[in-house]
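Not measured: the values here are computed from a predicted model.
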Amino acid sequence: VPNNRIVASSEIEQSYIMIKPDGVQRGLVGEIISRFEKKGFLLKGLKLFQCPKELAQEHYKDLNERPFFPKLIEYITSGPVVCMAWEGAGVVASARKLIGATNPLQAEPGTIRGDLAVQTGRNVIHGSDSPDNGKREIALWFKEGELAQWESVQSPWLIE
Ligand code: IDP
Ligand code: MG
């Protein structure tokens with residue numbers, strides 16, 4: 001498999017990336033997907049989805065004691081989100097860098113939040129914070145059979 005010639009399969013990770021309702025409403029879907037495509041990661045899953053309240057609560061369960069939790073759940077369920085699974089060696093940490101800091105005013109220019117948002121409560125995108133959470137979140141948001149098994153023709157031009 002070209003993608004695995006040098007990069008060991010044990011290094012291949014998946015990150016759950018989600019464009020939040022504000023990103024969809026503001027017409028940023030193409031721009032955001034484009035940044036991950038151009039970087040060179042592999043898109044394994046993609047859907048537009050209206051998130052039920054229970055799923056939002058499960059996804060953000062670690063934050064359920066924070067004062068902003070009810071508003072966070074309201075925000076994430078306020079309109080459709082774009083759910084994505086992106087694959088590649090180092091994709092989890094790299095995606096966090098592409099996304100930028102949680103508070104968009106502190107996010108570096110050039111990052112998605114740094115370029116496209118102004119407030120933590122409307123920060124347009126989610127990205128898994130560890131490979132384990134990448135697995136957990138993809139299993140939570142995608143059903144069996146929703147991820148595609150494919151190799152990009154670009155892979156020999158991305159990985160030596
Ligand atoms: P992350 O999305 O950068 O990983 P987390 O600390 O995991 O940031 O928080 C998850 C999400 O919860 C944030 O992206 C943001 O939408 C929301 N959030 C976090 N802190 C606040 C806050 O202080 N006010 C409002 N929303 C917040
Ligand atoms: Mg987080």
Side-chain angles (χ1 to χ4, degrees), residues 12-150 152:
I12 302 293
E13 308 169 346
Q14 293 186 339
S15 183
Y16 177 65
I17 303 293
M18 177 170 71
I19 305 173
K20 296 175 177 178
D22 50 333
V24 176
Q25 291 289 349
R26 292 178 53 212
L28 300 175
V29 171
E31 158 96 32
I32 291 172
I33 292 177
S34 188
R35 292 186 180 209
F36 287 89
E37 277 190 312
K38 288 182 203 162
K39 173 72 176 168
F41 293 122
L42 186 68
L43 183 61
K44 299 301 289 282
L46 172 67
K47 66 180 176 186
L48 186 71
F49 182 63
Q50 175 61 54
C51 172
K53 198 173 175 181
E54 299 69 36
L55 178 57
Q57 288 167 335
E58 176 63 23
H59 175 79
Y60 282 122
K61 66 180 177 193
D62 291 351
L63 300 173
N64 68 5
E65 253 134 51
R66 307 294 286 274
F68 58 81
F69 187 73
K71 284 182 82 177
L72 173 59
I73 300 309
E74 204 178 306
Y75 164 43
I76 295 302
T77 59
S78 64
V81 295
V82 173
C83 308
M84 292 177 278
W86 286 93
E87 185 177 277
V91 67
V92 171
S94 177
R96 296 279 293 187
K97 283 192 184 167
L98 291 172
I99 289 169
T102 304
N103 180 344
L105 292 183
Q106 277 151 24
E108 294 294 328
T111 65
I112 292 165
R113 287 168 174 166
D115 289 348
L116 305 175
V118 291
Q119 218 187 36
T120 304
R122 294 287 184 272
N123 62 4
V124 305
I125 183 166
H126 165 82
S128 306
D129 63 8
S130 69
D132 280 351
N133 276 336
K135 278 187 202 143
R136 177 182 82 86
E137 292 168 358
I138 288 167
L140 195 60
W141 288 85
F142 286 98
K143 291 189 212 131
E144 190 88 22
E146 282 186 333
L147 301 187
Q149 296 310 318
W150 71 297
S152 169

As an exercise, state the distance from [atom1] of [X] to [atom2] of [Y], rounded to the nearest 0.5 Å.
X	Y	atom1	atom2	value
L63	I73	CG	CD1	8.5 Å
R35	I125	CZ	CD1	9.5 Å
R26	I32	CZ	CD1	8.5 Å

What I'd like to find out is whether the side chain of [X] reaches to under 4.5 Å of the side chain of [Y], using heavy atoms alone.
X	Y	value
L46	I33	yes
L147	Q14	yes
W150	L42	yes
M84	I19	yes

Quiz item: Considering residues, nucleotides and ligands other than Q50, do more than 12 of their heavy atoms fall under 6.0 Å from its CD?
Solution: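 Counting other residues, nucleotides and ligands, CD of Q50 exceeds 12 neighbours.
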Quiz item: Should we say atom NZ of K39 is surrounded by more than 12 heavy atoms from elsewhere, each under 6.0 Å from it?
Solution: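 Count not over threshold, so no.
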Applying salt bridge (charged side-chain N to carboxylate O under 4.0 Å, His left out), name anything that partners [X], two or more places apart in sequence or on another chain.
X	value
K38	none
D129	none
E108	none

Quiz item: So, does D115 use its side chain to make a donor-acceptor pair with the main chain of G110 at under 3.5 Å?
Solution: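 Present.
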Of the non-hydrogen atoms in [X] and [Y], which two are nearest, and what is the gap between them?
X	Y	answer
I12	A89	CD1-N, 3.9 Å
G134	S128	CA-OG, 3.4 Å
V24	P80	CG2-O, 3.3 Å
F49	C83	CB-SG, 3.8 Å
I76	V81	O-CG1, 3.8 Å

Self-check item: Qualifying residues under ring pair (Phe, Tyr, Trp, His ring centres under 6.0 Å), relative to F36, sequence neighbours excluded
Solution: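 Counting only residues at least two positions away or on another chain, F36 forms a ring pair (Phe, Tyr, Trp, His ring centres under 6.0 Å) with W86.
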Quiz item: Yes or no on side-chain contact (heavy atoms from CB on, under 4.5 Å) for K44 and I138, after CA distance, side-chain angles and deciding distance?
Solution: CA-CA 10 Å; K44 299 301 289 282; I138 288 167; over 6 Å; no
Self-check item: All side chain to side chain donor-acceptor pair (under 3.5 Å) counterparts of E13, not counting sequence neighbours
Solution: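 In terms of side chain to side chain donor-acceptor pair (under 3.5 Å), with neighbours along the sequence ignored, E13 is linked to no residue.
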Quiz item: Does anything in residues 132-150 pair up under salt bridge (Lys or Arg N to Asp or Glu O under 4.0 Å), and if so which pairs, sequence neighbours excluded?
Solution: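 Qualifying pairs, neighbours excluded: K47-E146.
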In a table with atom names and distances, give each donor-acceptor pair under 3.5 Å that connects a side chain of residues 51-61 to protein atoms at least two apart or in another chain.
| residue | atom | partner | partner atom | Å |
| --- | --- | --- | --- | --- |
| E58 | OE2 | K61 | NZ | 3.2 |
| H59 | ND1 | W141 | NE1 | 3.0 |

Quiz item: Do any pairs count as a side chain to side chain donor-acceptor pair (under 3.5 Å) and have a residue in residues 62-80, sequence neighbours left out, and if so which ones?
Solution: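 Of all non-adjacent pairs touching residues 62-80, those that pass side chain to side chain donor-acceptor pair (under 3.5 Å) are D22-Y75.
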Between side-chain atoms of residues 92-107 and protein atoms elsewhere (two or more places apart, or another chain), which donor-acceptor pairs fall under 3.5 Å?
| residue | atom | partner | partner atom | Å |
| --- | --- | --- | --- | --- |
| R96 | NH1 | G127 | O | 3.0 |
| N103 | OD1 | L105 | N | 2.9 |

